[in-house]
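Letters go in sequence order (proteins before strands), and every chain restarts at 1. Quantities reported herein were computed from a predicted structural model and do not represent experimental measurements.
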There are 2 protein chains.
Amino acid sequence: MEVLGEIDRSSPIPYYYQLQEILQTWIEENHISPHTQIFSEGELCERFGVSRTVVRQALLGLERDGLIYRVKGRGSFVAPPKLRQQITELTSFTQDMQKRGVRPGARVLYQEMHPVSETVAQRLQIPPQTPVFCLERVRLVNDQPLALQTAHLSFDGCESLLEEDFENQSLYAILAARYGITPFQAEQEYEASIARPRETKLLNLQPGDPVMHICRVTYDTDRHPFEVTQCVYRGDKYRFVALLRKA
Amino acid sequence: MEVLGEIDRSSPIPYYYQLQEILQTWIEENHISPHTQIFSEGELCERFGVSRTVVRQALLGLERDGLIYRVKGRGSFVAPPKLRQQITELTSFTQDMQKRGVRPGARVLYQEMHPVSETVAQRLQIPPQTPVFCLERVRLVNDQPLALQTAHLSFDGCESLLEEDFENQSLYAILAARYGITPFQAEQEYEASIARPRETKLLNLQPGDPVMHICRVTYDTDRHPFEVTQCVYRGDKYRFVALLRKA
DNA sequence: GAGTGGTCTAGACCACCGC
DNA sequence: CGGTGGTCTAGACCACTCG
């Protein structure tokens, strides 16, 4: 229970991050019970031969991830597992579904450049009518339709996305590999609604069935928006989980 | 533009927090343009006569709140305003509505102790059939019904909630003032659905109208769940906004 | 090369908690 | 009272970006 490994002083990975991972695997592999007190900052300094700054940075990371919580004057404690999972994290449809343990897929309906609408242009912070890359797909899980997804992308050289295959590849994976674009954060709006005729057909729904509308604006690491996505999910098969924290 | 105020060395408020607020009001009051570079860490150390630890802690706070972003080797920059607002923050219905600029209200339908159901008991981590305080309200904005809200509360002495007036007072305000209970974080699940007969009546809806179902489990500062709330919002009048971040 | 933020050290004092 | 986490100092070296 006490053997935890060591910090590799020759590694390019920062000490605090190595320590964070050591503690995370220690908590998870030993199934330490919720509300159990873990090592104090002082103990960790001594045990790993690092300064308190490093230890505190590691513990802050674990706290941010919901793995531990800290109480002034008492100590640090293992958080209940419910609070660990499902942190509101920026993911692609593909990653989201893989995390839920199902097999994602896609059927492309439309893949063209076209002039951007007023509302989307505003969200992308570009002039109206600018040509943007537009991709409409039916998203599948285990070969059943789950959502209708329309993405609008705007960045230098986005025309070359016309050549890509989006039935078998993740959009975000292509953006990262070929264009060096990494999504950093996103705003997402959720609204309950009723399926429109076209959606009932594409998603195998009945008229009047509920759907969840989701509109996302995605920003890169320089905080410039590069993507606006509009999604319609089947209401009976999709549930969104958020973790809210006190300010 | 350069006058920013000073850190009060005799105040009990930490330096880093004073500095964070000084910088925040400076950015907001001067309407500094997005992507403008702000002072470097070194400049701030000198200007305010504090160590770099304090400056970095203040800047980390501003970054967490979405007010600035930092790029290694380049500097710290003002973030675009869109990303500042609407951080996914744990709020009560009352606070939520006040932030949206409307007047919240409530009409109490049911306010009793009753044995807890199986599913709610599990979320509250208590034995089934335990008596819990149960409060059902129609929530109003500007005197129009917006949501049907059912709260289940479980903690020592929760029976005395029977005496409280929940038409004119916020539940969370009462919990904080009388019981020293502060919500710390919450899990929330969102699902699109169709109004049931009882809901159409209470919320002035037509059969078949869309609604948003929300189930919340709220945890206190010791990470123990004390409240489960089930909500049904009118789909046409409610939209949920989330901010997602890269892991 | 000069300036930036990222990491790290080795100390210090404090408020808070439980005993 | 001793132990805990919260705050703070005054340094240091590094990798990165830009001119």
Visitor: Anything under 30° is parallel, anything over 60° is perpendicular, the rest tilted; go ahead and classify B:F166 against B:F133.
Guide: tilted
Visitor: Measure from NZ on B:K72 to P on C:dT7 and round the result to the nearest Å.
Guide: 7 Å
Visitor: Respond yes when some side-chain nitrogen or oxygen of A:R74 is under 4.0 Å from OP1 or OP2 of C:dG18, and no when none is.
Guide: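 Yes, A:R74 has a side-chain N/O under 4.0 Å of OP1/OP2 on C:dG18.
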Visitor: Under 4.0 Å between a Lys/Arg side-chain N and an Asp/Glu carboxylate O for B:R74 and A:D222?
Guide: yes
Visitor: Distances under 3.5 Å only, N/O to N/O: pair up the protein atoms with those of nucleotides 8-11 of chain C.
Guide:
from  : atom 1 : to    : atom 2 : distance (Å)
C:dC8 : OP1    : A:Y15 : N      : 2.4
C:dC8 : OP2    : A:Y15 : N      : 3.4
C:dC8 : OP2    : A:Y16 : N      : 3.3
C:dT9 : OP2    : A:S51 : N      : 2.8
C:dT9 : OP2    : A:S51 : OG     : 2.7

Visitor: Would you say the side-chain atoms of A:E118 and A:Q122 include a donor-acceptor pair closer than 3.5 Å?
Guide: no
Visitor: Taking atom P of D:dT17 as reference, at what distance in whole Å does atom CZ of B:F77 sit?
Guide: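 After rounding, the reported distance stands at 12 Å.
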Visitor: Return the value, rounded to whole Å, for the distance between atom CD of B:E41 and atom P of C:dG6.
Guide: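 Taking CD of B:E41 and P of C:dG6, I get 6 Å after rounding.
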Visitor: Between D:dT4, C:dG5, D:dG6, which nucleotide gets closest to the side-chain atoms of A:R70?
Guide: D:dG6
Visitor: What's the OH-P distance between A:Y69 and D:dT4, to the nearest Å?
Guide: 16 Å
Visitor: Any side-chain N or O of A:R56 below 4.0 angstrom from OP1/OP2 of D:dG6?
Guide: yes
Visitor: Which atom pair, heavy atoms only, marks the closest approach of A:P225 to A:V217?
Guide: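 What the structure gives for the nearest pair is CB-CG1, 4.0 Å.
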Visitor: Are the side chain of A:S33 and the backbone of A:T36 linked by a donor-acceptor contact shorter than 3.5 Å?
Guide: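 Judged by distance alone, no pair lies under 3.5 Å.
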Visitor: State, yes or no, whether a side-chain contact exists between A:E41 and A:R56 at a heavy-atom distance under 4.5 Å.
Guide: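 A side-chain contact exists here, since the closest heavy-atom pair is under 4.5 Å.
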Visitor: Does A:S76 have a side-chain nitrogen or oxygen under 4.0 Å from the phosphate oxygens OP1 or OP2 of D:dT4?
Guide: no
Visitor: Over its full length, what angle do the end axes of the helix from C:dG1-D:dC18 to C:dG18-D:dC1 make, each axis taken from five pairs and the result rounded to 10 degrees?
Guide: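 Its terminal axes enclose an angle near 10°.
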Visitor: Within this structure, what is the CD-to-P distance between B:Q18 and D:dT7, rounded to whole angstrom?
Guide: 12 Å
Visitor: For B:Y190, does the six-membered ring have the charged nitrogen or CZ of A:R239 within the cation-pi criterion, i.e. under 6.0 angstrom from the centroid and within 45° of the normal?
Guide: no
Visitor: With a distance cut-off below 6.0 Å to the six-membered ring centre and an angular limit of 45° from the axis, does B:R223 pair with B:F184 as a cation-pi contact?
Guide: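 Relative to the ring axis of B:F184, which defines the angle, B:R223 lies inside both limits.
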Visitor: For A:Q37 and C:dC17, what is the distance between atoms CD and P respectively, to the nearest whole Å?
Guide: 14 Å
Visitor: If you measure from the Lys or Arg side-chain nitrogens to the Asp or Glu carboxylate oxygens, is any gap between A:R47 and A:E6 under 4.0 Å?
Guide: yes
